Structures are given as structure tokens and as C-alpha cells.
Undergrad: 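This structure is in C-alpha cells; I'll ask about it shortly.
Chain naming here is simple, since letters A, B, ... match the order of the sequence lines and numbering starts at 1 in each. Source: prediction; values computed, not measured.
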Amino acid sequence: MSVVTRFAPSPTGFLHIGGARTALFNWLYARHHGGQFVLRIEDTDRARHSQSAVDAITDGLRWLGLDWDGEATSQFARRDAHVAAAERLLASGDAYPCYCSQDELAKMREEARAAGRPMRYDGRCRDRDPSTVPAGVPPVTRLKAPQSGETVIDDAVQGRVVVRNDQLDDMVLLRADRTPTYMLAVVVDDIDMGITHVIRGDDHLTNAFRQTQLFRALGAPPPVFAHVPLIHGPDGAKLSKRHGALGVEAYRDMGYLPETLRNYLLRLGWAHGDDEIISTDQAVAWFDLDGVGKAPARLDPAKLDNLNGHYMRAADDVALVEAIVPQLNSALGRTLGLADIDRLTRGMDGLKQRAKTLSELSDNAQFYVSSLPLTMDPKAQSLLTDEALSTLSRLAARFSTLPEWSIAALEDAARAVAEDLGLKLGKVAQPLRAALTGATVSPGIFEVAAVLGRDETLGRLADAGVAIDDALTGTLD
RNA sequence: GACCCUAUCGUCUAGAGGCCUAGGACAUCACCCUUUCACGGUGAAGACACGGGUUCGACUCCCGUUGGGGUCGCCA
């Protein structure tokens, strides 16, 4: 039997990080088995439904690179099938109308709690005497669930989980207004869509028991369930907006790469021996359900950063430049030109070694395309003493006559100046860095100068207050 | 409250009864590399929650305690 998995988010907000992991696991499982991965929007609650939320979810999935098979299904659009299923159960006597009011139900729960019993509907309308049916009250439809025995789930992650049927109550299938509930819709859709494996958050484990009963009542074998533990925040508490319950687009905006998220989310609760860096191809080849851990995992921003650094270093230079251009444009208030792009591209290798996120990369890259005068970091400014400026003046003289403008030649020139003056190389290199970048930290400074080119390098030195011999600068090539 | 799940370094995890002197990764610290910062390299510190069993032998199996989580809607 071919595997069919599904991701079934309710469109209430964005694709949060936990949902993204659930989607990833479903996607990986389907791809691993050469099966189908479908997307179903659980929008039975029309009041909460919004198209922008649906878009946020599909955009998030696309950005993550999780492609689904076929068109996304709207659960709301399938309501007729849900109602028909409920009616079949009504007709066969597997479901019944319930006239209990909300007040009655609340009272029932209160009493059950007080008595130390599970807070569940007691089934009082099951065999209600028709003469006691209140007039004018539209009933809900409830499943006539088994009252004795037990329901068993052989969960692919949690193992065999058993619950006594007297702990479960008769769930509502159709609301008083005849609209289907989530429970009904999910089961009917999973049957009709041929879902073989339901991989979802741990919070649905107890739902799985009642859904199993519904599958049976509907005469369909339940799918394989796999309930994966929820993700917690760094403090061990439930994920909140404060730390990680952000949409994946927030991670994108913070400058994380989709491959980073895929790798990180995969390793959160799943392992393949000692492997840490796992490509998506490897993940598809290796992924399995019994490798999924059973305990909730905490999000670790430091590890995410580290992984992102790895994927940035491995990323293509041109792609990275493209990724940071919009940020740079808005930071600079102008549109970068071809010369800027060229400079960034040549400087990217040194730049990408030093950043954890695209945002950081953009910040660090800015000096390459800044116009003069450079914004000086106070620490950089303090490096440009009179003595340093005169050192740089000697260096500039050598730079202007350098027959070859290469990293090695530039470094040789700096070393020669340092030697002439009896200085350590750092005494030459650091002021040079300050003058060229406006900062005390940057990629290798000779690499920077090489990328900048002779004119720009000398221009920046002059702008920083370095005396340049006019006769020499006049002979620049 | 009832029911269910869960428990290895700070964090993510490896570990399927002897391979464990409990391994890796991130983070931390030290040293090396070095013009800065990173990267990289070497090394250090750091965990089987607790208590009972089972067994010749438990991180691994069972029970309990404690801690963490989840669910108990005419929400999804």
C-alpha cells in the first residue's frame, strides 16, 4: 500500500515552528516511501477562517521547500460529505440526537470533577424517551461510542497506548446547526483522501482514541498514528510567542536559511546516530518514525545560529549577495548598482565566514558599498592617531605604485612598511582596517583592499585623513 | 481532579542487558592558528532524576515516587 501523509493545519495564524516540524516529518515520511504528501486546510470553523492565514501557511511551506501533492483541500468545502457520513451513522443507529443544553453539560462536568470522575458527557440522551424530548430544541448528533472494553492505538512513536472506553464519551459529530465538527471532518477526510499515516503533534494523542472509534463506526480501518512530542521553549515551558512560537517567516526575516530550519527541525527529536549536518536528500533517505524521540525537545537558538552559519558558509556567493541586496538597499537608501554587486560578490567568501544570519551578513557587508565618508565606529576612530595616519601615508605610497593589486602584494607592502618602521604588522593592519571599513572587525584587510580596488582604497585612506602624495596618485592606473 | 505521554551532560541527542572508563553536536573554558573577528585544530569541564525490584550483570526490563508535558468544548 502506498503511503499518503497529510499536513492539516487550521488557518488561525501563521505556520509556527511546531507546525513546520510536523509538516516536515509528514513530508519526509511520504518522500522516503515514495508516497504522497497532501495539504488540507482545517477550516470548518468559518468564524476563524481567513484567507491571509491560509496564504501564510502555504507561503511558509513553500519557503521551507516542502511541496505538497495536488491542490490543497479545504475541509469546509467537503462539509456535505461530512454531514452525509453523520447521517449514515444516525440511520444505522451508531449515532443519536442529543438535546442537552450547554448549562446541563457544564453542570455535568462540574459534578463529575467533584466526584473524581473523568469530565465527560454521560450519554443520557442515548436512549432518551421520545416523550421527554424538549420542544423546539435543535439537537446535536453524537456518536454512540462503545461504553465498555478499551480502545488501543499502536502509535508509531508512542508505542501501544490503551485507554478504557469508559474514559471516553460520545463525541459530537454534528453541531445543533448541522455543521460538522472537527472530529467528524478529520476522520471522514482521512478516509476519503486515503490517508495511511497521521503524523501530528502529541496534543492530538487523546483525540486519536475517539477518532479510532469513529473510523471503526464508519467501517474504515484507522490509519497508522504517529504522535510526535511538542517543542518547548528554551526555558522548558510551552512554546510562547516570546521565544519560538514564531511563524517560519519570522525566521526567514531574521536571516535563517530554509535548509537550516529543515536540518534543525529534523534533529529536534530525531537522530541518525551521530550525524548532525544532514542534507535534505539524506534526510529523505534516512527518515523513519521509530527514530522520533518521545520526550518534548527545547528550542536552542545558539545551535540554530551555529547551523545557519554552517549553511551560509556552504551557500553560493551569488545567491547570498542576492539575498542581502534588498536589506542593503533599504539600509543605504539607494539601489545598488552593478559595481556594488560585483564588489559584494568578490568579498562574499570572506564575509560569509563571519556571519550567523543573513541580517548579520548584510550588516557586515555594508562597508563595501557605503559611500564616503564612512561611518566610523568610535573604536576604529581612536585607532587613527596622527602616528597611525603617517604610517598609513607610507603604506599608501607603496600601494599607489604596486605593480599588481593582489592580496599577497598588498600584504607584502604592509609587512615592508611595518618592518621599515619597526612595527608589528597589527600596527599597520588595524589602522588600515579602520580607515577602509570604519570598524575594528572585518574580513582579512588585504582581501578587503583587494576587493575595493586601488582607487577606492586610496580614496578611503585620503578620506580618513591620510596624506596621499598627489604626484603619485596622479599616476594611478 | 481524572486519564494519557514522558525523563542520559546547560541544550539537542547516541545508547535495543555485558561493546559504557556512557559517545557526538551546540554552548562554556583553555591553548594553537592569526593583522581584527570568524573559520579551523587540540584539549578541559559536564549527564544515566530518585527508590525498589528482575538478572550472574542494568543507562537499557518491571513497579513506585518525583519532575516535565498533553487532553478532558456544539475550537481545531
Side-chain angles (χ1 to χ4, degrees), chain A residues 8-12 42-45 47-48 75 98 100-102 105-106 109 112-121 138-142 153 155 157-159 161-164 167-169 171-177 179 181-183 185-186 201-209 227 229-230 232 234 236-238 264 267-277 293-307 309-310 313 350-356 364 380 383 411 414-415 418 424-434 437 439-446:
Chain A
S10 56
T12 48
E42 314 248 296
D43 52 359
T44 41
D45 185 359
R48 288 209 217 166
Q75 194 156 62
C98 168
C100 293
S101 68
Q102 299 282 6
L105 260 17
R109 278 191 283 272
R113 188 190 177 111
R117 283 182 281 117
M119 296 188 288
R120 47 182 278 279
Y121 173 69
V140 299
T141 301
R142 286 183 186 271
I153 292 176
D155 194 279
V157 170
Q158 305 291 344
V161 188
V162 183
V163 154
R164 289 209 320 272
Q167 298 291 328
L168 273 14
D169 62 4
M171 76 190 105
V172 173
L173 268 18
L174 252 28
R175 302 183 183 103
D177 63 3
T179 58
T181 60
Y182 160 80
M183 284 288 182
V186 165
D202 217 349
D203 50 340
H204 285 286
L205 182 58
T206 46
N207 284 339
F209 291 104
H227 289 93
L230 267 13
H232 287 185
K238 199 176 167 183
Y264 183 75
R267 279 288 289 107
L268 205 56
W270 181 88
H272 184 267
D274 283 342
D275 295 304
E276 295 287 344
I277 303 293
K294 296 170 149 197
R298 303 181 185 198
L299 224 42
D300 182 2
K303 190 155 184 171
L304 218 209
D305 279 352
N306 175 274
L307 250 194
H310 170 86
R313 270 173 259 131
L351 249 16
K352 70 183 182 184
Q353 298 303 107
R354 296 167 167 78
K356 300 288 190 203
N364 295 349
L383 247 30
E411 179 166 352
R415 285 191 187 280
K424 287 195 168 182
L425 183 56
K427 286 288 182 193
V428 180
Q430 274 302 89
L432 177 62
R433 168 169 288 113
T437 70
T440 53
V441 171
S442 81
I445 196 57
F446 305 115

Undergrad: Can you tell me if A/Arg109 touches the phosphate of B/rG73, counting only side-chain N or O atoms and a distance under 4.0 Å to OP1 or OP2?
TA: yes
Undergrad: With sequence neighbours left out, what residues match A/Arg113 under salt bridge (Lys or Arg N to Asp or Glu O under 4.0 Å)?
TA: none
Undergrad: Dump the pairs, protein N or O against N or O of nucleotides 38-41 of chain B, anything under 3.5 Å, distances to one decimal.
TA:
unit_1: B/rA38; atom_1: O2'; unit_2: A/Gln353; atom_2: O; d: 2.5

Undergrad: Could you list the residues that satisfy ring-ring contact (aromatic ring centres under 6.0 Å, His included) with A/His310, not counting sequence neighbours?
TA: none
Undergrad: What pairs with A/Arg117 under salt bridge (Lys or Arg N to Asp or Glu O under 4.0 Å), at least two apart in sequence or on another chain?
TA: none
Undergrad: Does the protein touch nucleotides 58-65 of chain B at the base, only the backbone, or not at all? Give it as B, S and - per nucleotide, heavy atoms under 4.0 Å.
TA: --------
Undergrad: Look at all strands and tell whether A/Glu411 reaches a base, only sugar-phosphate, or nothing, counting heavy atoms closer than 4.0 Å.
TA: nothing
Undergrad: A/Leu307 has an atom CG; how far is it from atom C1' of B/rA25, in whole Å?
TA: 9 Å
Undergrad: Which base sits across from B/rC50 as a Watson-Crick or G-U pair, both distances under 3.5 Å?
TA: B/rG64
Undergrad: For the pair made of CG in A/Leu168 and P in B/rG73, what is the distance, rounded to whole Å?
TA: 12 Å
Undergrad: Nearest to the side chain of A/Ser10, which nucleotide is it out of B/rG70, B/rA76, B/rG69?
TA: B/rA76
Undergrad: When you check every protein heavy atom under 4.0 Å of nucleotides 10-23 of chain B, what one-letter string (B, S, -) results, 5' to 3'?
TA: -BBSS--------B
Undergrad: Could you tell me the separation between the CG atom of A/Leu105 and the C1' atom of B/rC72, rounded to a whole number of Å?
TA: 13 Å
